Amino acid sequence: MTQTGSLFSDSFEVLPGMTLLPGYASSSQLRPLITRLCEASPVRQMLTQRGQKIQVHMTNCGSAGWVSDSKGYRYTPIDPLTGTAWPTMPQPFIELANRAADLCGFPNFEPDACLINRYEPGLQMGAHQDRNEQDFTQPIVSVSLGIPARFFVLGLERKGTSTPVDLSDGDVVVFGGPARLVYHGVRKLKPAHDPIWGPYRWNLTFRKAM
DNA sequence: AAGTAGCC
DNA sequence: ACGG
């Protein structure tokens, strides 16, 4: 049930430290921004340290961007594809992430990195932790756009029973505190079409990386 | 291992 | 379950 009047009316606590804000983000507002960002730094498939392709196509905006290659996972100020800085994070992105975090009990969130992931039907993302950031007191804000997906959450170890969370266009998940380092991933997407995004799911993940 | 294979 |  809703706990206080300051929470978004439809918020739902998935587990301690993880809150779902259904329909909190606006695809019609965000689409032109994402289109422009991807013209500057296109989505691309990154490689794991062992040389395997990450299925999802990724790019970033902000003063730091998450990358994976033969040297491992890390944040860089430069896009290795373009050789120049990642695009500046649009102010509407910062405000969306800051307000969502505030609603969920994480005031003054100032993201410096936004990982932009593009999924298509048939793709998944295996269980992982977001642990390449400097300050684990800062939450993660995840925005789902386009076709639906089933998100899953484990605990602090990459094993055991998962909690499923079905995510639709505009849904925002905030996780921090006791949930900051939980393993999570995305189940294989079913074929679908969205009026704004076509056959894609986009996910924006806001972090305080540095 | 932010992946893939393979068995149940 | 996996390899270096």
Side-chain angles (χ1 to χ4, degrees), chain A residues 14-15 17-18 20 34 37-38 41-62 64-82 86 89 93 97 111-136 138-167 171-176 179-190 197 199-210:
Chain A
V14 176
L15 35 108
M18 179 178 287
L20 169 63
I34 292 173
L37 292 167
C38 291
S41 273
V43 294
R44 81 297 300 265
Q45 278 184 294
M46 297 188 189
L47 297 177
T48 66
Q49 200 162 21
R50 302 176 188 196
Q52 294 168 300
K53 275 183 183 172
I54 294 173
Q55 294 187 14
V56 169
H57 285 67
M58 304 174 153
T59 187
N60 293 275
C61 64
W66 187 89
V67 298
S68 177
D69 62 18
S70 60
K71 292 180 282 192
Y73 306 147
R74 65 198 181 283
Y75 285 92
T76 69
I78 299 296
D79 176 356
L81 186 66
T82 64
W86 300 103
M89 196 182 304
F93 277 29
D112 57 11
C114 175
L115 176 61
I116 300 170
N117 287 162
R118 193 195 68 186
Y119 294 75
E120 50 198 277
L123 300 192
Q124 62 184 328
M125 184 176 286
H128 66 279
Q129 287 174 305
D130 287 19
R131 63 173 183 192
N132 303 112
E133 301 75 31
Q134 292 287 154
D135 182 358
F136 296 144
Q138 296 304 301
I140 302 290
V141 175
S142 172
V143 177
S144 294
L145 304 168
I147 68 173
R150 175 163 285 185
F151 181 67
F152 67 93
V153 185
L154 299 169
L156 299 177
E157 294 187 298
R158 197 178 189 272
K159 62 182 183 183
T161 309
S162 63
T163 300
V165 183
D166 285 323
L167 297 176
D171 290 351
V172 177
V173 176
V174 177
F175 55 105
R180 177 60 180 75
L181 291 171
V182 294
Y183 278 89
H184 57 279
V186 177
R187 300 298 183 196
K188 183 175 171 182
L189 266 71
K190 295 177 181 175
W197 299 100
Y200 296 110
R201 171 178 186 259
W202 292 80
N203 181 72
L204 309 177
T205 315
F206 294 93
R207 302 96 184 272
K208 178 79 175 71
M210 308 302 279

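Quick note: numbers below take in every heavy atom, side chains included, and nothing from hydrogens, waters or symmetry partners. This structure is a prediction, so every number in the text was calculated from the model and none was measured. Throughout, protein chains are lettered first and strands after them, A, B, ... in sequence-line order, and every chain is numbered starting at 1.
Within residues 139-153 of chain A, no residue has a heavy atom under 4.0 Å from DNA chain B.
A donor-acceptor contact under 3.5 angstrom links the side chains of Y183(A) and Q129(A), judged on distance only. Side-chain atoms of N203(A) and S142(A) form a donor-acceptor pair, as typed in the model, at a separation below 3.5 Å.
Considering T163(A), D171(A), V165(A), D166(A) in turn, V165(A) is the only one that fulfils the side chain to side chain contact (heavy atoms under 4.5 Å, CB included) rule with F151(A). Considering Y73(A), F206(A), W86(A) as possible partners of W66(A), the one that fulfils the ring pair (Phe, Tyr, Trp, His ring centres under 6.0 Å) test is Y73(A).
Among the atoms of the strands shown, none is found under 4.0 Å from any heavy atom of N203(A). In this structure, T48(A) reaches the sugar-phosphate backbone alone: every heavy-atom distance under 4.0 Å involves primed, P, OP1 or OP2 atoms, never a base.
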Check: protein-nucleotides 2-4 of chain C nitrogen or oxygen pairs below 3.5 Å:
none

Expected rows: protein N/O vs nucleotides 5-7 of chain B N/O, under 3.5 Å:
none

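As rounded to the nearest Å, dG3(C) and dC7(B) have P atoms that lie 14 Å from one another. dT4(B) sits 23 Å from dC8(B) when the P atoms are compared, rounded to a whole Å.
Shown here for A127(A) and R158(A), the closest heavy-atom pair between the two residues is O-NE, 2.9 Å. Of all non-hydrogen atoms in V174(A) and P139(A), the two that sit nearest each other are CG1-CB, 4.3 Å. The two residues L156(A) and V182(A) make their nearest non-hydrogen contact at CD2-N, 4.0 Å. Across R131(A) and L181(A), no two heavy atoms sit closer than the pair CB-CD2, 3.9 Å.
What separates CE of M46(A) from C1' of dA2(B) is a distance of 10 Å, to the nearest Å. Rounding to whole angstrom units, NZ of residue K188(A) and P of dG3(B) are separated by 14 Å. One can place CD of Q124(A) at 9 Å from C1' of dT4(B), the figure rounded to the nearest angstrom. In this structure, N117(A) places its CG atom 13 Å from P of dA2(B), rounding to the nearest Å. Across the protein-nucleic acid pair, M125(A) atom CE and dA1(B) atom P stand 13 Å apart, rounded to whole Å. Summarising the geometry, the separation between CD on Q52(A) and P on dT4(B) is reported as 6 Å, rounded to the nearest angstrom. In this structure, CE of M58(A) is placed 12 Å from C1' of dG3(B), rounded to the nearest angstrom. The distance between atom CZ of R187(A) and atom C1' of dA2(B), rounded to the nearest whole Å, is 14 Å.
Separation of atoms CD (Q52(A)) and CD (Q45(A)) is listed at 12.5 Å; rounding is to 0.5 Å. Here the straight-line distance linking atom NE2 of H184(A) with atom CZ of F152(A) works out to 9.0 Å at 0.5 Å rounding.
Remark: DNA chain C forms no stem of 3 or more consecutive Watson-Crick or G-U wobble pairs with all pair distances under 3.5 Å.
The ring-ring contact (aromatic ring centres under 6.0 Å, His included) search around Y119(A) returns none, not counting sequence neighbours. For F136(A), the ring-ring contact (aromatic ring centres under 6.0 Å, His included) test picks out no residue, with sequence neighbours left out.
Classification of the W197(A)-W202(A) ring pair by plane angle, with boundaries at 30° and 60°, yields tilted.
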